[in-house]
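Data block below; observations after.
Numbers here simply count residues along the sequence, with the first being 1. Worth knowing before you read on, the calculation uses all heavy atoms, side chains too, and leaves out hydrogens, waters and symmetry mates. Whatever order the structure lists them in is the order used to number ligands and atoms, beginning at 1.
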Amino acid sequence: MKIDPFRLPGVSEERPLIIAGPCSAESEEQVLMVARALSQMGIRIFRSGLWKPRTRPNAFEGHGSAALPWLRRVKEETGMYVATEVANVKHVYEALRGGIDIMWIGARTTANPFAVQEIADTLKGVDIPVLIKNPVNPDLDLWIGAIERLYHSGIRRLGVIHRGFSKYEQTAYRNHPQWQIPIELKRRYPELTIITDPSHICGNRENLLQVSQQAMDLNFDGLIIETHHDPDNALSDAKQQITPDQLKELLSRLVLRHAEVDAVARVTLDELREQIDQYDDQLMNLLERRMGVSEKIGEYKRKNNITILQTRRWDEIITSRVKQGLEKGLSMEFVTKIFEAIHQESINHQTAVMNKQDETVSDTTQK
Ligand code: PEP
Ligand code: MN
């Protein structure tokens with residue numbers, strides 16, 4: 001794919017690219033009030049949901065096409081670009097007819113290839129910038145699949161929105177950022193514009209700055225932040241929206257570090273990276289030796305007819321390793337993940353040993 005940069009005439013190319021506006025368009029007065037405040041701050045792209053995908057029915061589902069004229073007024077009055085979410089063919093037609101400048105595909109829609117294909121087919125031959133949110137589940141291929149579907153329809157001004165991934169367990173985030181997924185996406189498609197959505201990642205106002213800063217430290221391109229004149233009384237996502245003034249404050253506190261590394265920094269970084277390489281090397285050797293011991297255990301269990309999985313032993317391992325990890329400043333989530341992976345690999349090695357011996361047994365019996 002040869003994706004074009006997500007550039008819009010009149011919008012600064014400097015990082016961060018900011019998109020702001022309410023979760024939902026609630027009334028003409030509301031969108032105009034927020035847009036005027038944002039435009040005065042120099043923000044050039046206005047977001048607002050018209051068709052709202054709500055988890056449960058009977059929640060506010062947006063004003064739909066009736067709100068399109070309100071966004072047209074935002075354009076006329078402030079000169080801002082207006083962006084909204086589209087989830088089906090009807091939305092695309094109406095948004096195009098209503099003068100929407102940028103469309104985004106929501107997280108639930110990206111997870112559905114039929115819906116994405118339908119949108120892509122409808123946009124064939126239309127030159128409009130499109131942003132694709134990550135799917136709700138942490139599946140990088142599914143995200144890339146959606147990008148490809150739009151690309152194959154001829155859409156070239158493509159960007160993505162990283163809005164976090166849902167998790168069964170409760171975490172500090174509404175949607176877990178899983179930064180390694182957008183990082184891997186950026187590694188594969190360096191030209192792709194990545195915009196982080198701290199609002200939907202956090203689900204609250206308190207952590208917005210920290211998540212925004214992290215996105216900037218990863219050299220992502222922009223931020224989309226839900227902004228409302230009266231967040232507490234918003235009809236959707238009330239807990240995570242901030243006022244234009246709060247947005248101004250947040251942006252002023254962002255530290256923008258540069259991606260280019262000068263000579264001194266390079267030497268320092270090279271030295272530190274060398275240390276990392278050495279530690280990784282040691283980790284690999286230790287893991288190799290640990291698996292060697294697992295194989296010996298496998299042989300022993302095989303000879304003595306003992307099952308591979310001994311639940312009590314595994315319980316003890318995970319409890320003691322998590323405790324030790326916490327003492328060393330490692331998070332419980334990280335230690336659990338690592339030891340689950342090591343345990344699975346150990347079981348695989350033990351099983352391989354057993355199977356090998358089974359084969360030898362059946363070989364000899366056949367002879
Ligand atoms: C939104 O941006 O308001 C929205 C519904 O987002 P998501 O698709 O990320 O849940
Ligand atoms: Mn929202």
### Task
Compute the shortest N/O to N/O distance between D237 and ligand 1 and return yes if it is under 3.5 Å, no if not.
no

### Query
Protein N, O or S atoms less than 2.8 Å from the Mn ion (ligand 2), ignoring waters?
C23 SG, H200 NE2, E226 OE2, D237 OD2

### Query
Does K52, backbone or side chain, put an N or O under 3.5 Å from an N or O of ligand 1?
yes

### Summary
among protein heavy atoms, the one nearest atom 8 (O) of ligand 1 is A107 N, 2.9 Å

### Query
Within the distance-only criterion (no hydrogens, no angle test), does the side chain of K52 pair as donor or acceptor with the backbone N or O of C23 below 3.5 angstrom?
yes

### Task
Say whether R108, considering both its backbone and side-chain N or O atoms, lies within less than 3.5 Å of an N or O atom on ligand 1.
yes

### Query
Would you say S153's side chain and I155's backbone share a donor-acceptor pair under 3.5 angstrom?
no

#### Entry: Among N134, V136, I201, side chain to side chain contact (heavy atoms under 4.5 Å, CB included) partner for F165
N134

### Message
Does the structure place the NZ or CZ of R156 under 6.0 Å from the centre of the six-membered ring of Y151, at an angle of no more than 45° from the ring's axis?
### Response
yes

### Message
My understanding is that we take every heavy atom of each candidate and find the minimum distance to atom 4 (C) of ligand 1. Doing that for H200, Q240, R47, which one comes out nearest?
### Response
H200

### Query
Backbone N or O of G164 within a donor-acceptor pair of the H176 side chain at under 3.5 Å?
no

### Query
In terms of residue, atom name and distance, what is the protein heavy atom nearest to atom 5 (C) of ligand 1?
E85 OE1, 3.6 Å

### Task
Over all heavy atoms of both residues, which pair between D197 and I161 is shortest? Give the atoms and the distance, please.
CB-CG2, 3.6 Å

### Query
Please state which protein non-hydrogen atom is closest to atom 9 (O) of ligand 1 and give its distance, to 0.1 Å?
R163 NE, 2.6 Å

### Task
Would you mind listing which atoms of ligand 1 come within a distance below 4.0 Å of any non-hydrogen atom of G106?
8 (O)

#### Entry: Residues D217 and R257 bridged, charged N to O under 4.0 Å
yes

#### Entry: Test applied, side chain to side chain contact (heavy atoms under 4.5 Å, CB included); reference residue, N207; option that passes from C202, S212, P198
C202

### Query
How close do S294 and S346 get, heavy atom to heavy atom, and via which atoms?
OG-OG, 3.1 Å

### Task
Might you work through the ring-ring contact (aromatic ring centres under 6.0 Å, His included) test for H162 and W179, ending with a clear yes or no?
CA-CA 9 Å; H162 162 230; W179 296 101; 5.0 Å; yes

### Task
Take every heavy atom of C23, measure it against each atom of ligand 1, and state whether any distance is under 4.0 Å.
yes

### Summary
Nearest non-hydrogen protein atom to atom 6 (O) of ligand 1, with distance, is K133 NZ, 2.8 Å

#### Entry: Reference residue L32; test side chain to side chain contact (heavy atoms under 4.5 Å, CB included); the match among E29, Q30, E28
E28

